[in-house]
Structures are given as C-alpha cells and as structure tokens.
Amino acid sequence: MRKRDLNILSDLTRFRCMTRDDIIALHFEGLRNPITCCNTVLKRLRRDGYIEVNTTQQPYIYFPSPAPIKKESAKIPHFLKIVEFYKSLMKFELSSQFIVEPKYGKGYMEPDAFMIWKRAPFFVEIQRSVYSEKVMNEKFMRYASYYLSNEWQQESWQPTEKKIFPKIILITDTRYNLPRHSGVQFFQVQDIKQFLGFAAKTREQTADSKNKNEIKINIG
C-alpha cells in the first residue's frame with residue numbers, strides 16, 4: 001500500500017469520518033487534478049475494503065473499515081467540525097500532535113481534541129450548540145479537577161524542565177461567563193485566526209508592561 005493511502009486511512013481513523021474535500025485538502029493539495037486523483041484513490045480503497053462510504057449524504061462521507069460510528073450518526077457533523085478546525089490550523093502551521101477526543105478518566109474533561117501547535121499544548125473545545133451556564137460551569141470544573149490532580153504533569157509530551165497545563169481554546173459564537181482559576185485558562189474565540197490575533201495582542205501588552213517596569217527601575 002502506498003504511503004498516501006496509509007496516511008488517508010490514518011486520518012480517517014483519527015477523525016472517524018471525512019468528506020472527499022477534507023481528504024483532498026489534507027492529501028491531494030498541489031496536484032494538477034486533485035479531484036480526479038482523490039476520486040481514483042478512494043474508489044480503489046473502497047473496492048479493496050479499506051474504507052466505507054455513506055452515499056446518501058452530499059458530499060459523501062467516508063469512514064475507515066470497519067466504521068467506528070454509524071453512517072447516520074448524529075455525531076458526524078461534530079467530527080467534521082473537528083476536521084474543519086484541523087484544516088484551519090494548517091493555514092498557519094502544522095500541529096506536531098493532534099488527538100481527537102482523548103480520554104483522561106472519570107470526572108475529568110472530555111475535550112474534542114488535544115494538540116501541540118506552535119510548540120505549545122492546547123485542549124480544544126468546538127461548541128456547535130449553545131449551552132446553559134450550568135453546563136459550561138460543569139465543563140470548567142472538570143478542567144479544574146484535572147489541573148488539581150497533577151496527573152497532567154505525567155504526560156509524555158511534557159518538557160522535563162517545567163510542566164505546562166494546556167490552555168483551552170473554546171471555538172464558539174457565544175460568549176460564556178466562565179469562572180476564574182489561576183491554573184485553567186480559556187480562550188473564547190470564533191476561529192483560530194481570532195485566537196492568533198488575541199495572542200499577538202496579549203504579547204504586545206506584556207512587552208509594553210515589561211518595558212514600562214524597566215523604565216521605572218532605570219529612573220529610580
């Protein structure tokens with residue numbers, strides 16, 4: 001099997017399902033005829049029993065074989081949103097690690113993804129629906145419980161010199177009034193571009209504050 005075939009199967013397994021356009025964006029970009037090439041590969045993989053497809057939806061939805069979720073699952077739009085988010089990262093920088101729906105144990109959070117991106121760890125929450133304040137507070141407290149457990153310090157990706165608790169990127173069109181916690185930080189943004197803009201502004205403010213403090217020290 002070709003390397004590209006294996007990469008497609010790996011992504012289908014990771015994301016649970018993808019559209020043809022998702023697969024083109026991740027594996028056929030830059031080719032002269034990406035649609036034709038992708039169709040040819042998907043047809044072969046389907047013929048050989050490596051993938052399955054739901055042809056009742058437009059665009060077609062592809063799954064690894066055997067499919068990890070039902071082809072009519074209500075979670076399909078959710079998983080496709082995760083793929084969409086992943087593709088948006090690629091416009092700026094590839095993630096060195098991207099795990100869909102990692103599990104951290106009973107009582108802890110269940111993020112849509114964990115990623116290491118721009119050399120920093122993040123949990124990702126993609127909010128497709130509007131939730132109540134109670135539900136969002138419960139979500140927040142699960143993150144706080146995980147932080148207080150210190151179990152995150154044992155993760156294999158952690159640097160040896162200083163342990164880092166991942167920031168949480170909440171992709172949402174709704175602004176939530178979340179509790180405050182010194183170790184748990186949520187960034188509520190509509191997309192990754194907005195997050196980058198917010199992060200750049202924060203760095204500028206931090207630099208300005210540092211420069212002002214240095215001036216005061218020099219004057220004194």
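Model, not experiment: these values are computed from the prediction.
- Rounded to the nearest 0.5 angstrom, Met18 CE and Thr13 OG1 are separated by 10.5 Å.
- Remark: Glu133 CD is loosely packed, at most 12 non-hydrogen atoms of other residues, nucleotides or ligands lying under 6.0 Å away.
- Residue Lys118 qualifies as enclosed at atom NZ: its count of foreign heavy atoms under 6.0 Å is above 12.
- A donor-acceptor pair is defined here as one N or O able to donate and one able to accept, closer than 3.5 Å; no such pair exists between the side chain of Asp48 and the backbone of Tyr50.
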Let's go through Ser129 and Tyr131 carefully: what are the C-alpha distance in whole Å and the side-chain angles of both, what is the deciding distance for side-chain contact (heavy atoms from CB on, under 4.5 Å) to 0.1 Å, and is it a yes or a no? CA-CA 6 Å; Ser129 305; Tyr131 290 102; 4.3 Å; yes
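- Annotation for Gln188 and Thr174: closest pair OE1-O, 3.8 Å, computed over non-hydrogen atoms.
- The number of heavy-atom neighbours closer than 6.0 Å to OH of Tyr108, taken from other residues, nucleotides and ligands shown, is above 12.
- Interatomic distance, Asp191 CG to Glu84 CD, rounded to the nearest 0.5 Å: 10.0 Å.
- Between Glu101 and Lys75 there is a salt bridge, since at least one side-chain N of the basic residue sits less than 4.0 Å from a carboxylate O of the acidic one.
- Ring orientation note: the planes of Tyr146 and Phe123 are nearly perpendicular, at an angle over 60° on the 30°/60° scale.
- Within 6.0 Å of the NZ atom in Lys71, the count of heavy atoms belonging to other residues, nucleotides or ligands exceeds 12.
- The environment of CG in Asn150 is crowded: more than 12 heavy-atom neighbours from other residues, nucleotides or ligands sit within 6.0 Å.
- Taking hydrophobic clusters as Ile, Leu, Val, Met, Phe, Trp and Tyr residues chained together by side-chain heavy-atom distances below 4.5 Å, Leu170 does not share a cluster with Leu196.
- Of the residues listed (Lys139, Met136, Glu110), the one engaging Glu125 in a side-chain contact (heavy atoms from CB on, under 4.5 Å) is Lys139, and it is the only one.
- Within a 6.0 Å radius of NZ in Lys193, other residues, nucleotides and ligands contribute 12 heavy atoms or fewer.
- Phe122 and Tyr176 fall into different hydrophobic clusters, defined by Ile, Leu, Val, Met, Phe, Trp and Tyr side-chain heavy atoms under 4.5 Å apart, directly or through other members.
- For CD of Gln194, the number of neighbouring non-hydrogen atoms (other residues, nucleotides, ligands) closer than 6.0 Å is greater than 12.
- Residues Leu89 and Met115 are in side-chain contact: their nearest non-hydrogen atoms beyond the backbone lie under 4.5 Å apart.
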Test side-chain contact (heavy atoms from CB on, under 4.5 Å) applied to Cys38 and Arg20, step by step: CA-CA 8 Å; Cys38 183; Arg20 185 198 62 181; 3.7 Å; yes
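- Taking all atoms of both residues into account, the shortest heavy-atom contact from Leu26 to Met90 is CD2-SD, 3.1 Å.
- Asp22 and Thr19 share a donor-acceptor pair across their side chains, judged by distance under 3.5 Å alone.
- Between Phe165 and Trp152, the two ring planes are perpendicular [angle over 60°; tilted spans 30° to 60°].
- Here the straight-line distance linking atom CG of Leu178 with atom CD1 of Ile168 works out to 9.5 Å at 0.5 Å rounding.
- Aromatic ring centres of Phe186 and Tyr143 lie closer together than 6.0 Å.
- The salt bridge (charged side-chain N to carboxylate O under 4.0 Å, His left out) check on Asp5 picks up Arg44, with sequence neighbours excluded.
- Note: Ile99 CD1 to Trp157 CH2 = 10.5 Å, rounded to the nearest 0.5 Å.
- Each of Ile69, Leu80, Val83 was scored for a side-chain contact (heavy atoms from CB on, under 4.5 Å) with Arg16, with one residue passing: Ile69.
- Side-chain contact between Cys17 and Leu12 is absent, with no heavy-atom pair separated by less than 4.5 Å.
- For the pair Ile126 and Phe85, the tightest heavy-atom approach, listed with the atom from each and the gap, is CD1-CB, 3.7 Å.
- Panel note: side chain Tyr147, backbone His181; no donor-acceptor pair is recorded below 3.5 Å.
- Shortest non-hydrogen contact noted between Gly107 and Ser145 is O-CB, 4.3 Å.
- Distance check: Ile82 CD1 to Arg128 CZ gives 10.0 Å after rounding to the nearest 0.5 Å.
- Within the structure, every pair that satisfies the side-chain hydrogen bond (donor to acceptor under 3.5 Å, both in side chains) test and touches residues 57-66, not counting sequence neighbours, is listed here: Glu52-Ser65.
- Between Ile51 and Leu42, the shortest heavy-atom distance links the atoms CD1-O, 3.5 Å.
- Note: the hydrophobic cluster containing Leu94 does not contain Ile116 (ILVMFWY, side chain heavy atoms under 4.5 Å, direct or indirect links).
- Following chains of ILVMFWY side-chain contacts shorter than 4.5 Å, one cannot reach Val184 starting from Val124, and the two form parts of different hydrophobic clusters.
- Remark: side-chain polar atoms of Asn54 are not paired, donor with acceptor, to backbone N or O of Ile61 under 3.5 angstrom.
- Relative to the ring axis of Phe140, Arg180 does not place its NZ or CZ within 45° and under 6.0 Å from the centre.
- The six-membered or imidazole ring of Tyr104 lies away from that of Phe114, with a centre-to-centre distance of 6.0 Å or more.
- Using a 4.5 Å cut-off on side-chain heavy atoms (C-beta onward), Ser73 and Ile76 make contact.
- Rounded to the nearest 0.5 angstrom, Ile192 CD1 and Ile171 CD1 are separated by 5.5 Å.
- Although no hydrogens or angles enter the test, the distance criterion places a donor-acceptor pair under 3.5 Å between the side chain of Thr40 and the main chain of Thr36.
- The number of heavy-atom neighbours closer than 6.0 Å to CZ of Phe92, taken from other residues, nucleotides and ligands shown, is above 12.
- In this structure, the ring of Phe98 has its center no less than 6.0 angstrom from the ring center of Trp117.
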